[in-house]
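In the text below, chain A, chain B and the rest are named by the order of the sequence lines, each starting its count at 1. All values reported here derive from a predicted model rather than from experimental measurement. All values below were derived from every heavy atom in this structure, side-chain atoms included, with hydrogens, water molecules and symmetry-related copies excluded.
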Amino acid sequence: QKEVEQNSGPLSVPEGAIASLNCTYSDRGSQSFFWYRQYSGKSPELIMSIYSNGDKEDGRFTAQLNKASQYVSLLIRDSQPSDSATYLCAVGGGSGGYNKLIFGAGTRLAVHP
Amino acid sequence: DAGITQSPRHKVTETGTPVTLRCHQTENHRYMYWYRQDPGHGLRLIHYSYGVKDTDKGEVSDGYSVSRSKTEDFLLTLESATSSQTSVYFCAISKQGATFNEQFFGPGTRLTVL
């Protein structure tokens, strides 16, 4: 059983729309939650970190965390074709230890003009 | 940019040969990690290090060994490469002083085992 689950996609949204990416995790003791963006053939790039329940906004990105439901999401407002990439959810601080992250398999986002 | 380089960036080798991948960092970070990335599996931790000569296994460590004799270098060795080890390998670091355990990745090494 995977510990971090994401819909593989592709999630297709029109330019200017809101893209909503979701992630669930199984370890209730998890304390830290991350979203990475990965362009094809490139390395993952950290775009959002969240540690407390609620919303965290950074520019066009909003991360949402609900620990009771073991759910974390990423909203991308005013989506642009340059946002087309695979988005990886990562969870840490659970039973695996403070410095280890568990990654989901990623959701592929396609933003079309 | 976390100052991480990986070498080689691409390698093709044959089954049964030993292979060593190098991760080099320039910012003196304590924690370093090796991951592999395969379609449908995301990133999986192979080994990590929490200091010079201090290493531990991740979830997919079989067939791999690591060494860290200097803070700046973390080596991943495939003792006898197999086709199942064909993958993209990423090194990562946790920045000292960063909130919790944010990790930052190197550019990756694409390894093909024939």
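For chain A, the nearby part of B:Y35 is the side chain; its heavy atoms alone come within less than 4.5 Å. With a 4.5 Å cut-off on non-hydrogen atoms, B:L45 touches chain A through its side chain but not through its backbone.
With hydrogens and angles ignored, the 3.5 Å screen pairs no side-chain donor or acceptor of A:Y36 with any backbone N or O of B:F104. Between the A:S43 side chain and the B:G106 main chain, a donor and an acceptor come within less than 3.5 Å of each other.
Nearest heavy atoms, A:A105 versus B:G40: CB-O, 3.8 Å. Considering all non-hydrogen atoms of both residues, A:Q38 and B:F90 come closest at NE2-CZ, 3.7 Å.
A:I47 and A:I50 fall within a single hydrophobic cluster, where Ile, Leu, Val, Met, Phe, Trp and Tyr are joined by side-chain heavy atoms under 4.5 Å apart, directly or via other members. Residues B:V113 and B:L75 do not share a hydrophobic cluster, defined by chaining ILVMFWY side chains whose heavy atoms lie under 4.5 Å apart. A single hydrophobic cluster is seen to contain both B:V88 and B:F74, as judged by linkage of ILVMFWY side chains at heavy-atom distances under 4.5 Å, directly or through other members. B:V52 and B:Y50 are members of different hydrophobic clusters when ILVMFWY side chains are connected at heavy-atom separations under 4.5 Å. In the hydrophobic clustering of ILVMFWY residues, with side-chain heavy atoms under 4.5 Å counting as a link, A:L74 and A:L11 come out together.
Put simply, NE2 on B:H41 and CZ on A:F103 are 16.0 Å apart, with the number rounded to the nearest 0.5 Å. To the nearest 0.5 Å, the span separating OH on B:Y33 from CG on A:L101 amounts to 6.5 Å. If you take NZ on A:K100 and CG on B:N101, they are separated by 12.0 Å, rounding to the nearest 0.5 Å. Considering CD of B:E59 and CD of A:E3, their distance stands at 7.5 Å, rounded to 0.5 Å.
Counted within 6.0 Å of CD on A:E45, heavy atoms from surrounding residues, nucleotides or ligands total more than 12; the atom is thus considered enclosed. Counting non-hydrogen atoms of other residues, nucleotides and ligands closer than 6.0 Å to CZ of B:R44 gives a total above 12.
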